[in-house]
Engineer: 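I have a structure I would like to understand better, so I am pasting it below and will then ask my questions one at a time.
In this text the structure is predicted, and so the values were computed from the model without any measurement.
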Amino acid sequence: MAVSSITAFSQTSEMPDSIQPQELGEIVVKGEKPLIKGHDGVLVVDLPEIVKDKPVTNILEALGYVPGVVNNNGMIGLNGASGVTIILNGEPTNMPVENLYQLLYSTPIDRLHKVEIMYAAPAKYHVSGAVINIVLKTPRPLDGLMGQARTGYTQAHYDSWGGGLAATYAIGDWTFDVNWSLSRNRTWSRQETYSNHLVGDKRTMIEDDMRQSGRNLANLIYASASYKKFKLTYNGQIKTDSESNSFSSGTFGDYINHFPFLSSPGYHNIAVRYTAPIGLSVGGDYTSYSEDREQELSREGTLLIKADKRQNIDRYHAYIDQEHLFGQWILNYGLEYQHSSDHSRQHYAYPPREGFDDMLKEDVADIYVGVQASFGWGLSFGASAKAEYFHNDYQHNWNFVPQLGATYYKTPKSIFQLNFTSERVYPQYWALHGGTSYVSDYTSIIGNPALQPYMNYSGQLSYILSQKYAATFYVLYADKYSVQLPYQRPDELKLLFQTLNMDFSRTVGLQFQIPFNVKNIWNATVVATGMHKREKASHFHDTSFDNGRWSFYGALNNTLKFKPSDPLSFSVDFAYISGQIQGPGRFNSLWKVDAGAKWQFGRKRCCELDLRCNDIFNTWKPELTINAAGQDYRMISHDMARGLSLSFIWRFNGFKPKDTSVDTSRFGTGS
């Protein structure tokens, strides 16, 4: 809110001297920055304004306050979309989700200019489906070297700590960015399972209480150098001292599963991009990923399984785009190609049994054409059509991917948006090899070479009032949708986890976003979503299911200050979700309360101290229950979100830092 005071005096030469100048009353002009704008089917969100008083220090935490975005224990989702991809400055980047989130976590909020939400991303972005585009401020040569140092500590079940340095510098036509972070991560989780297993006409109750722990020291670096319209980028992560373990006790005894890494897992990506003045853009990147770990499963001191898993992936990606301007019309078209080579193996040292040593090659190529236009009578839109070819060692197919995003408004008071898109979702590389991982001699996780990519179709209709209140109706349909689910074998006491294709998954929902502000002292946002989800499988192993359910999601985010200019602010956030479904199973209702405080101090408030506690009452405990087609299974997860974190930030020379982006991760031997 902007406030200005004007004091005016009035006197003319015709007035007698006895008439004295009169002081007019104070005039107060109040204004409010718009939080949401719309054009071409894109929602433009002023995220820096939304989170300026929130106890957030980085872009990952801030994304949870974007209208429609849900930050579920660090995992970013978008209501009204089946999935979402994060990109940076509209440029395609390939990163595993874990690496992306770590980079976003180490990227300060000060560099952020705005966030764009695209439920139907145009084909020119080389990303299908919904997209969050993070737009950063560009440094200027006059700014000099700017940077930020950060350190933080988190106490959950175990303690974790980390720190980092982000800096940017511009000179002449050159711009440099670097973001480095080092973090010691320790994790812990617990799952209770109750499997009432039917074999023949007899049921056996099998109970298990498993605790999982892990640790690693992660080094992540992002660096870019730009000269005029040419940009070279490197991002990578190396993990050392990596290890994970699980300890379980139950009906069949006590188990220890030890997963040491035989070499440091590594991810490296180098990308180049050039934009010519004639509207031509050319780019490409190379990605290398490696992982080598061992498994030792024992029961009460007796070795049951000793095996090693190895994955080496090389991926090449290139694209070329052309854009032409014809008055109020923009025509764009282009080509894209990606080749990946996945060399994975699983070898059993004990007992001798069959593993695999495979080379899986995959090719994806597409060609697209798109148009954009804006008209004076209020309509703007972007539409594209893409033909995509997919091929691997097991299958090949063509796919048609349409996209439409349209916005209509005569005044900013009322904005209407319509979006439609489709995308093909590819399975994790490791799942396609058909390997087996053993949790115990009762529970195992198996791959599926017959697993197919599935198609996502989505449509959204949004209405935005006064550039801050929003309502969105959406429909999501996933044809041949796939998800990993448990299955009790009918012929023996064995529990399998496997990713399978279903017939479909369908969701219909309506979401409301209502922000309000009370004298710049209390700032709050209410989010309410009602939805119905249905999932069906005609062939789920030797059974079938058709499961549907209504559910509700609600959140209230609050920021409070003693006065508008106070450097100290507090936040209290509430979230609730009623039961949802997954395959034949149902989840329980969940709720949680988060709270935090932010204190800005020092010269020009260059220092910042943030304290935050998530899931204060430790109530976010998902419980999955399956009771259909002879299956009777229940799993309860504990300590999913609870944690206390403290961060300190020092900014020098008026810093405004950097971040990067992504598509869905398909790497890793984890299941």
Engineer: Does a donor on one side chain sit under 3.5 Å from an acceptor on the other, for Asp285 and His317?
Structural biologist: yes
Engineer: Please answer whether the main-chain N or O of Thr499 pairs with a side-chain N or O of Asn448 as donor and acceptor at a distance below 3.5 Å.
Structural biologist: yes
Engineer: Using 30° and 60° as the class limits, which term best fits the ring planes of Tyr633 and Phe497: parallel, tilted or perpendicular?
Structural biologist: perpendicular
Engineer: Could you tell me whether the side chain of Lys309 and the main chain of His347 form a donor-acceptor pair under 3.5 Å?
Structural biologist: no
Engineer: Is it true that a side-chain atom of Gln498 and a backbone atom of Gly447 form a donor plus acceptor pair closer than 3.5 Å?
Structural biologist: yes
Engineer: So, Asp159 and Arg186, do they make that salt bridge, N to O below 4.0 Å?
Structural biologist: yes
Engineer: Given the side-chain rings of Phe356 and Trp430, with only the six-membered ring counted for Trp, is the space between their centroids under 6.0 Å?
Structural biologist: yes
Engineer: Hey, what's the ring geometry for Phe540 with Tyr487, parallel, tilted or perpendicular (30° and 60° as the breaks)?
Structural biologist: perpendicular
Engineer: How about Tyr389 and Asp363: does a side-chain donor come under 3.5 Å of a side-chain acceptor?
Structural biologist: no
Engineer: Return yes if some donor-acceptor pair links the side-chain N/O of Thr251 with the main-chain N/O of Glu207 below 3.5 Å, else return no.
Structural biologist: yes
Engineer: Within a strict 4.5 Å, meaning less than it, do heavy atoms of the Thr240 and Phe261 side chains meet?
Structural biologist: no
Engineer: Could you pull out the closest heavy-atom pair between Glu388 and Asp366, with the gap in Å?
Structural biologist: CA-CB, 3.9 Å
Engineer: Regarding Asn312 and Ser290, do their side chains bring together a donor and an acceptor under 3.5 Å, going by distance alone?
Structural biologist: no
Engineer: Counting only heavy atoms not in Tyr153 (residues, nucleotides, ligands), do more than 12 fall under 6.0 Å from its OH?
Structural biologist: yes
Engineer: How long is the straight-line distance from CG of Asn588 back to OG of Ser637, given to the nearest 0.5 Å?
Structural biologist: 9.5 Å
Engineer: Side chain of Asn257, backbone of Tyr438: donor and acceptor closer than 3.5 Å?
Structural biologist: yes
Engineer: Mark yes or no for whether Asn216, through its side chain, and Lys239, through its backbone, hold a donor-acceptor pair below 3.5 Å.
Structural biologist: no
Engineer: Does the plane of the ring in Tyr454 sit parallel, tilted or perpendicular to the ring in Tyr481? Use 30° and 60° as the thresholds.
Structural biologist: perpendicular
Engineer: Can a side-chain donor-acceptor contact be found between Tyr286 and Asp314 if the only test is distance below 3.5 angstrom?
Structural biologist: yes
Engineer: Using modelled atom types only, decide if a donor and an acceptor are shared between the side chain of Ser440 and the backbone of Tyr442 within a distance under 3.5 Å.
Structural biologist: yes
Engineer: With a 3.5 Å distance limit and no angle check, can you tell me whether His197 reaches the backbone of Glu492 through a side-chain donor-acceptor pair?
Structural biologist: yes
Engineer: Is it the case that atom CD in Glu300 sees more than 12 heavy atoms from other parts of the structure closer than 6.0 Å?
Structural biologist: yes
Engineer: Do the charged groups of Asp342 and Arg315 touch, with an N to O distance under 4.0 Å?
Structural biologist: no
Engineer: Evaluate Asp594 against Lys592 for salt bridge (Lys or Arg N to Asp or Glu O under 4.0 Å), listing each step before the verdict.
Structural biologist: CA-CA 7 Å; Asp594 304 332; Lys592 67 174 181 172; 3.7 Å; yes
Engineer: Do Ser505 and Glu535 meet the criterion of a side-chain donor-acceptor pair at a distance under 3.5 Å?
Structural biologist: yes
Engineer: Do Lys621 and Glu623 meet the salt-bridge criterion of a basic N to acidic O distance under 4.0 Å?
Structural biologist: no
Engineer: Look only at the side chain of Arg215 and the backbone of Ser213, and say whether a donor-acceptor pair between them is shorter than 3.5 Å.
Structural biologist: no
Engineer: Taking 4.0 angstrom as the limit, do Asp610 and Arg612 come out as a salt bridge?
Structural biologist: no
